[in-house]
Novice: 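Quick one: the structure is below, questions incoming.
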Amino acid sequence: MKNYEKMIAKFEEKYPTIEVKYEVITQMFHENILASYGAGVAPDVFYVDTSWAPTFIEKGALYPVDELASPEFINQFYDFLLEPFRGKDGKLYGLPKDWSMLALFWNKKLFAEAGLTSPPDTWDELLEYAQIIADKTGKPGLAIYLGGFNRYVPVALGYGAPAPWFEKPGDEAWFDRPEVKETLIWYINLYREGKIARENEGKTPYVVQPADVGAGWLGDAFGKQEVAMVISGNWMIPFLADQFPDFKYGEDWDIAPVPKGPKARATMAYTVALGINAKTEHPEEAWKFVEFILGRDGQHELVVKMGHTLPSMKGLEESPDMWPQHKKTLSFKYDKVLVFLWGPKSGELEGKISDVMAAAMRGEISTDEVIPTVKEAVSAVLGG
Amino acid sequence: MFSPFFERASVREALGAFALISVAVIFNLTFGYFSAFFAVYLSFFEWDYIGPMKFVGLKNYELMLVDLFKGMSGASYFVSPFYTGLKNIILYTAIVVPIQTFLAIVLAALANQKIRGIQFFKVSYFLPATTCPVIISLIFIWLFMKKGFINYALGYVAPGFQPDWLNDRNYILLAMSIVAIWGTSGHFFVSFLAALQAIPRDIYEAAMLDGAGPIRRFFFITIPMLKPMITYVVVMGLIGALQMFDLAWVMAGTGGGPGGSGYTLAMDIYNEAFTKLRPGIAAAKSMFLFVIIFVTTYVYQKKYGGGIR
């Protein structure tokens with residue numbers, strides 16, 4: 001995080017009367033922030049993930065930034081990235097630092113070896129290509145996470161399901177929709193059939209999870225070239241450039257849009273805001289810092305030049321410093337870009353639904369039990 | 001003539017002593033007693049860390065019991081993790097405590113022999129106790145993998161027996177137990193070694209004259225003479241096992257692993273406090289865990305702890 005320190009030094013140079021104390025929380029971020037609130041020593045400025053934003057907003061932990069920022073400043077951000085940080089009172093409680101969206105990463109060499117020339121365009125093709133690659137190259141075609149509800153949602157949207165939203169008891173009925181039932185089982189079967197059943201037949205699995213190929217996460221599995229395809233976000237791009245410099249974008253691997261369903265092509269977007277503590281003694285100073293980091297120059301320095309993710313301000317993607325890989329992800333046309341947020345208890349819901357999906361993928365519960373169990377788990381979260 | 005000097009010295013000595021002791025006392029008061037009493041207090045309040053605390057009487061305990069009954073009446077793990085955690089931790093304790101205690105005694109008895117290089121064995125038995133449990137768990141994750149070392153070794157001992165330790169719900173708790181036994185036996189071994197060296201040698205000599213072999217001497221002299229130490233070790237083992245968190249967190253993962261079969265009560269307390277943001281209920285659940293630990297250790301001491309007093 002050297003870059004942050006550099007930006008802080010610049011900030012302190014510009015505003016000599018404001019001193020910034022920089023602390024890094026490497027693990028259990030939100031737990032740490034909550035505990036610091038409990039102890040009354042919460043930081044003035046901190047990251048807020050979309051999935052935690054409703055909790056923090058509802059509990060009055062965040063300062064309404066539209067009371068500090070000018071409308072002109074706020075208007076520079078993409079609207080859909082602001083939505084998750086808007087409270088029920090219509091006020092804005094955080095501004096997005098940057099964002100990422102899912103795309104399909106494919107290994108050109110393994111595709112060529114399997115006799116394939118272009119990436120899959122539909123979900124059915126994704127499965128078909130994964131099988132061809134496994135049969136022809138002896139390497140699994142696709143890696144997914146066990147569980148990972150947010151990675152499944154683009155499939156449901158592609159088959160015509162509305163965006164999931166769970167706020168009050170009864171909202172778990174989303175899982176009763178025929179297109180949801182069908183696609184959720186399809187997604188679970190990717191692993192049940194692609195890994196477990198295939199191995200029982202003594203064949204190369206065509207779908208794996210990163211741990212099955214000795215990798216820590218999807219980016220790692222893809223970079224090590226143990227799998228031919230993963231669907232992951234922009235954060236994977238600097239990781240590949242940094243960890244696998246010999247595995248070259250354009251020559252060895254490329255990016256394609258997330259596959260489409262019969263009804264739509266959808267992807268997920270992820271963002272994180274810089275929020276200001278509602279109880280801060282220095283709202284003006286905190287705001288100056290947020291403005292400095294998130295402003296045009298700040299984002300150009302921290303996001304665009306570093307190639308980390310996508311800038312959250314409109315127009316910055318035109319910068320010549322923008323990495324071509326990131327630019328390419330922005331060029332894809334989607335019918336729906338859904339920001340990761342399932343309702344006021346997003347974090348807990350994502351965990352619970354993913355636990356049920358993982359259990360089904362491992363074969364601990366049958367496919368018939370998936371829908372009733374997932375509904376039961378979601379309603380337990382919503383009911384209290 | 002000397003008295004003023006002595007008086008001054010003793011005052012200074014006392015001040016020095018208090019200054020040194022106070023560090024430990026202050027730490028113990030803040031992180032031990034204050035936290036414990038605050039948890040009792042918290043269990044009667046509804047709180048979200050950010051807003052003010054609201055007194056709710058016994059509501060947190062009621063919600064906890066509802067959770068428990070839901071599980072007892074057959075709800076799935078996804079709905080009643082508290083019950084799953086309780087069930088798992090009791091099973092885990094039942095496996096770990098007897099074996100780790102027995103193994104520690106056996107190791108101590110072996111290390112108490114006069115053989116060459118015994119110092120090496122003593123050090124190697126104790127080494128696991130000095131290593132951080134999280135690191136131990138990480139190493140064992142590698143050993144327990146489907147194609148890891150443990151299954152490789154099992155291939156020679158029990159051909160055909162190749163469980164997927166960490167991903168099979170029937171084995172993960174066992175895998176965690178094995179790691180715990182491996183990690184803690186060495187720790188308790190030291191206690192037993194000290195106790196063994198305090199047993200008068202003439203008892204053994206008398207038994208040998210009466211024709212008792214090593215096995216009989218072990219079961220009829222060593223074990224009975226170690227009784228007070230066994231009580232101590234079992235009590236400490238029970239307390240440690242019932243609170244187990246770190247091994248499960250690393251080996252089974254935050255969700256409790258396959259089918260929640262690696263989930264523990266302490267993990268549920270954590271999740272209640274930091275995932276569901278209900279620290280009041282988390283505190284109530286930790287009171288429940290405290291009662292279990294207190295009752296088990298009290299009953300055990302009452303029954304077998306006669307030798308200690």
Novice: Under 4.5 Å from any heavy atom of chain A, what part of B:P81 do you find: side chain, backbone, both or neither?
Specialist: side chain
Novice: Between A:S36 and chain B, which part of the residue has a heavy atom less than 4.5 Å away: side chain, backbone, both or neither?
Specialist: neither
Novice: Verify, without hydrogens or angle tests, whether B:Y41 (side chain) and B:A36 (backbone) share a donor-acceptor contact under 3.5 angstrom.
Specialist: no
Novice: Less than 4.0 Å between a side-chain N and a carboxylate O, is that true for A:E199 and A:K195?
Specialist: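 Looking at A:E199 together with A:K195, the answer is yes, because their closest N to O distance falls below 4.0 Å.
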Novice: Examine distances only and state if a side-chain atom of A:D171 and a backbone atom of A:E167 form a donor-acceptor pair shorter than 3.5 Å.
Specialist: yes
Novice: Using a cut-off of under 4.5 Å on heavy-atom pairs, state which of B:Y270, B:Y77, B:W47 scores highest against chain A.
Specialist: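 Ranked by heavy-atom pairs under 4.5 Å with chain A, first place is B:Y270.
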Novice: If you tally heavy-atom pairs under 4.5 Å against chain A, which of B:A75, B:G51, B:P258 wins?
Specialist: B:P258
Novice: Can you confirm if the aromatic rings of B:W142 and B:F149 lie within a centre distance of less than 6.0 Å?
Specialist: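 No, they do not, as the ring centres are separated by 6.0 Å or more.
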Novice: Heavy-atom distances under 4.5 Å only: say whether B:L63 touches chain A with side chain, backbone, both or neither.
Specialist: neither
Novice: Do B:K285's NZ or CZ and the ring of B:F82 fall within the cation-pi criteria of under 6.0 Å and 45°?
Specialist: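 Yes - B:K285 lies over the ring of B:F82, closer than 6.0 Å to its centre and within 45° of its axis.
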